[in-house]
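Take a look at the structure below.
From a predicted model like this one, the values you see are computed outputs, not experimental measurements.
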Amino acid sequence: MVFAVVLAAAGAGAVALKARHPAQAPGAVLTFRSVLNTFYLPRYTAPGHAPWAPEYRIRLAAAAAPSGGSQGAARQVEADFDLSVFKGKADIWGENKGYGCARSGFRVTCALPDIKYGEGADFLPFQVKPKPGTALGPAGSIVVTVHSADAPTIRHTTRVRVGSPYLTTRNRKLTGVRPGGEVGLTPAFGNRGDTGVDGGITVMVAADGSTLLPRYGNCRYNKAAAATEAQCDFPGPLPAGTAYETDHPVIAVTGQDTRSGSLHYSVWPTADIDGPSQLPGRAVRGTGEVLRLRPVDGGAFTGSESYRSGGAAGALDFETTRVDDVEAVGFTIRGRVGEEVRTEVPYPRGYRGDTMWVTLPDGVSLVTRPPQDLQSEDSYCREGPAKGGPVACGPGAEPYAVVLLVRIDKRVEGARGSVTVPPGPAADPDQDNNTAPVAVEYIP
């Protein structure tokens with residue numbers, strides 16, 4: 001994203017500023033890491049409803065000047081916001097006192113803490129509430145000016161439009177995917193608002209339980225192989241009342257052991273994509289054809305009422321044919337001969353809350369204690385119904401494992417036990433992996 005940032009002297013401008021130039025050469029450089037280029041002020045709608053306006057979030061960064069800074073920070077940083085564009089159109093409220101923000105009429109000034117080199121400030125200086133009777137269209141600009149005792153002044157102008165896009169997306173679910181096979185996500189989005197997005201549209205994709213194939217020339221990927229993130233840019237515009245989907249799917253390959261996963265995607269106006277979310281320009285670019293858009297019916301798409309113009313998120317959730325596969329996870333009992341040992345029996349993959357059955361290795365015996373001597377937040381293995389038979393473990397309250405208390409009575413070379421979990425209520429496609437080994441490691 002390109003920010004309209006101008007290095008300027010602290011004198012002339014849309015707002016009056018205190019003279020804060022350092023007497024010597026500046027030691028610091030301030031930059032806008034993220035700031036809105038377009039602020040959409042949603043219209044007040046009857047009866048008596050003022051929709052949430054977008055956040056005007058600022059992210060600043062500080063670095064040493066090329067000439068070299070000695071202080072290690074930009075000191076006495078002040079951000080000044082000229083909000084006169086909102087006169088008669090919106091009320092200003094919620095000044096961020098934690099960042100030293102104070103309001104006088106339609107001007108907000110924030111006295112920020114020192115910003116260390118390599119670090120930044122991320123804050124929401126104020127909020128706005130729309131007033132009735134505003135007309136759709138361009139309204140003017142917000143001007144933010146940031147100056148410091150150590151750094152040249154920087155200024156940014158954000159255009160303000162009355163009216164708002166309402167970005168929406170499609171969500172889907174897919175079952176029966178072959179492990180190691182392909183899953184195709186076709187991102188789809190629309191604009192249910194009263195104002196179009198003039199510039200481009202960006203789609204961000206994140207893969208969970210799969211990896212992306214870098215196929216498209218207008219998409220960037222976080223890795224050349226086995227990518228998990230992609231950013232695809234489209235020229236736009238996105239007029240109000242329209243909806244589109246990509247003409248080809250974004251392809252992901254599931255893992256051989258994947259039971260379920262998701263291809264998440266988010267849609268942003270390209271000019272105002274969330275800074276930390278986007279991939280760098282040097283990221284790997286796809287080598288294939290360009291991914292394009294085609295119109296669709298977006299009547300069933302959904303969005304966020306409180307985040308209308310900022311973006312929208314959708315997903316393709318999928319399940320593979322292994323979703324009902326219950327797989328036991330082996331573990332090792334470690335300790336000295338004669339010691340009592342606390343270990344954990346991990347839940348199986350695809351755990352359905354059933355009891356796990358542990359056959360202890362030779363030379364190892366179960367330790368039981370009265371309930372009042374145990375930690376109440378843990379779940380413990382207990383004697384099974386058959387004397388000398390498998391120990392019963394679970395179902396447990398802990399998120400990952402059940403506690404097993406044992407005594408290592410004697411050393412038995414090569415001793416092995418097992419943990420077995422019954423199949424789940426659905427058809428278990430691979431019951432050979434319902435049992436896993438339990439080993440003993442003797443500590444000298």
Side-chain angles (χ1 to χ4, degrees), residues 1 165 167-192 196-197 199-239 241-256 258 260-271 273-274 277-303 311-321:
M1 174 167 51
L167 300 181
T168 58
T169 56
R170 179 172 64 196
N171 292 273
R172 285 181 169 174
K173 186 171 183 178
L174 184 63
T175 60
V177 175
R178 178 176 59 85
E182 293 185 353
V183 177
L185 163 71
T186 302
F189 53 87
N191 179 2
R192 201 181 298 166
V197 177
I201 294 292
T202 291
V203 175
M204 302 292 301
V205 180
D208 174 28
S210 60
T211 56
L212 302 170
L213 298 179
R215 288 190 172 177
Y216 301 109
N218 56 332
C219 299
R220 303 197 298 274
Y221 301 82
N222 66 332
K223 291 188 287 185
T228 55
E229 297 177 23
Q231 175 176 335
C232 302
D233 298 318
F234 303 95
L238 181 62
T242 62
Y244 296 88
E245 68 177 9
T246 57
D247 62 347
H248 291 87
V250 175
I251 301 297
V253 178
T254 66
Q256 293 290 346
T258 299
S260 62
S262 183
L263 294 172
H264 302 274
Y265 69 100
S266 55
V267 180
W268 306 78
T270 302
I273 184 173
D274 181 59
S277 299
Q278 63 181 327
L279 295 180
R282 65 180 181 275
V284 177
R285 188 172 292 275
T287 56
E289 61 186 313
V290 172
L291 191 62
R292 304 182 188 279
L293 300 176
R294 58 190 178 198
V296 293
D297 180 0
F301 295 1
T302 58
L316 172 66
D317 298 318
F318 63 86
E319 293 179 351
T320 74
T321 54

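Asn171 contributes a side-chain N or O that, together with a main-chain N or O of Ala315, makes up a donor-acceptor pair within less than 3.5 Å. Asp247 contributes no side-chain N or O that, together with a main-chain N or O of Arg294, makes up a donor-acceptor pair within less than 3.5 Å. Checking side-chain atoms of Thr254 against main-chain N and O of Gly180 turns up a donor-acceptor pair under 3.5 Å. Between the Thr320 side chain and the Pro179 main chain, no donor and acceptor come within less than 3.5 Å of each other. Looking only at distances, no side-chain donor or acceptor of Arg172 sits under 3.5 Å from a matching main-chain atom of Thr186. Of the possible donor and acceptor atoms, none in the side chain of Thr169 sits under 3.5 Å from a partner among the backbone N and O of Ala312. Although no hydrogens or angles enter the test, the distance criterion places a donor-acceptor pair under 3.5 Å between the side chain of Thr270 and the main chain of Ile201. In terms of modelled atom types and a separation under 3.5 Å, the side chain of Arg285 and the main chain of Gly217 share a donor-acceptor contact. The backbone N or O of Leu316 lies less than 3.5 Å from no partner atom in the side chain of Tyr265, so there is not a single donor-acceptor pair.
Closest of all the heavy-atom pairs between Ala224 and Pro214 is O-CG, 3.6 Å. When every heavy atom of Ser260 is checked against every heavy atom of Thr258, the shortest pair comes out as O-CG2, 3.5 Å. Summarising the geometry of Pro269 relative to Val197, their closest heavy-atom pair is CB-CG1, 4.0 Å, with the distance given to 0.1 Å. Tyr221 approaches Ala227 most closely through the heavy-atom pair CB-CB, 4.0 Å. Of all heavy-atom pairs spanning Leu263 and Ser210, the tightest one is CD2-OG, 3.6 Å. In terms of heavy-atom proximity, Cys232 sits nearest to Leu291 at SG-CD2, 4.4 Å.
Within the structure, salt bridge (Lys or Arg N to Asp or Glu O under 4.0 Å) contacts touching residues 220-231 (residues at least two apart or in different chains) are Arg220-Asp233.
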For side-chain contact (heavy atoms from CB on, under 4.5 Å), just list the numbers for Val267 and Tyr244, CA-CA rounded to whole Å, side-chain angles, deciding distance to a tenth of an Å, and then say yes or no. CA-CA 12 Å; Val267 180; Tyr244 296 88; over 6 Å; no

Pair Thr168-Thr302, side-chain contact (heavy atoms from CB on, under 4.5 Å): steps then yes or no: CA-CA 5 Å; Thr168 58; Thr302 58; 5.8 Å; no

Derivation of the side-chain contact (heavy atoms from CB on, under 4.5 Å) call for Leu167 and Trp268: CA-CA 8 Å; Leu167 300 181; Trp268 306 78; 6.0 Å; no

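With rounding to the nearest 0.5 Å, the separation of CG in Asn218 from CD in Glu289 is 9.5 Å. Rounding to the nearest 0.5 angstrom, the gap separating the CZ atom in Arg178 from the CD atom in Gln256 is 7.5 Å. To the nearest 0.5 Å, atoms OG1 (Thr228) and CG (Asn222) are separated by 4.0 Å. In this structure, OG1 in Thr202 is found 8.5 Å from CZ in Phe234, a value given to the nearest 0.5 Å.
Looking at residues two or more places apart in sequence or on another chain, you find a side-chain hydrogen bond (donor to acceptor under 3.5 Å, both in side chains) between Ser262 and His264, Asp317. With sequence neighbours excluded, the residues that form a salt bridge (Lys or Arg N to Asp or Glu O under 4.0 Å) with Glu182 are Arg215.
Within the 4.5 Å cutoff, side-chain heavy atoms of Leu293 are placed close to those of Thr246. Within the 4.5 Å cutoff, the side chain of Val250 has heavy atoms near those of the Pro187 side chain.
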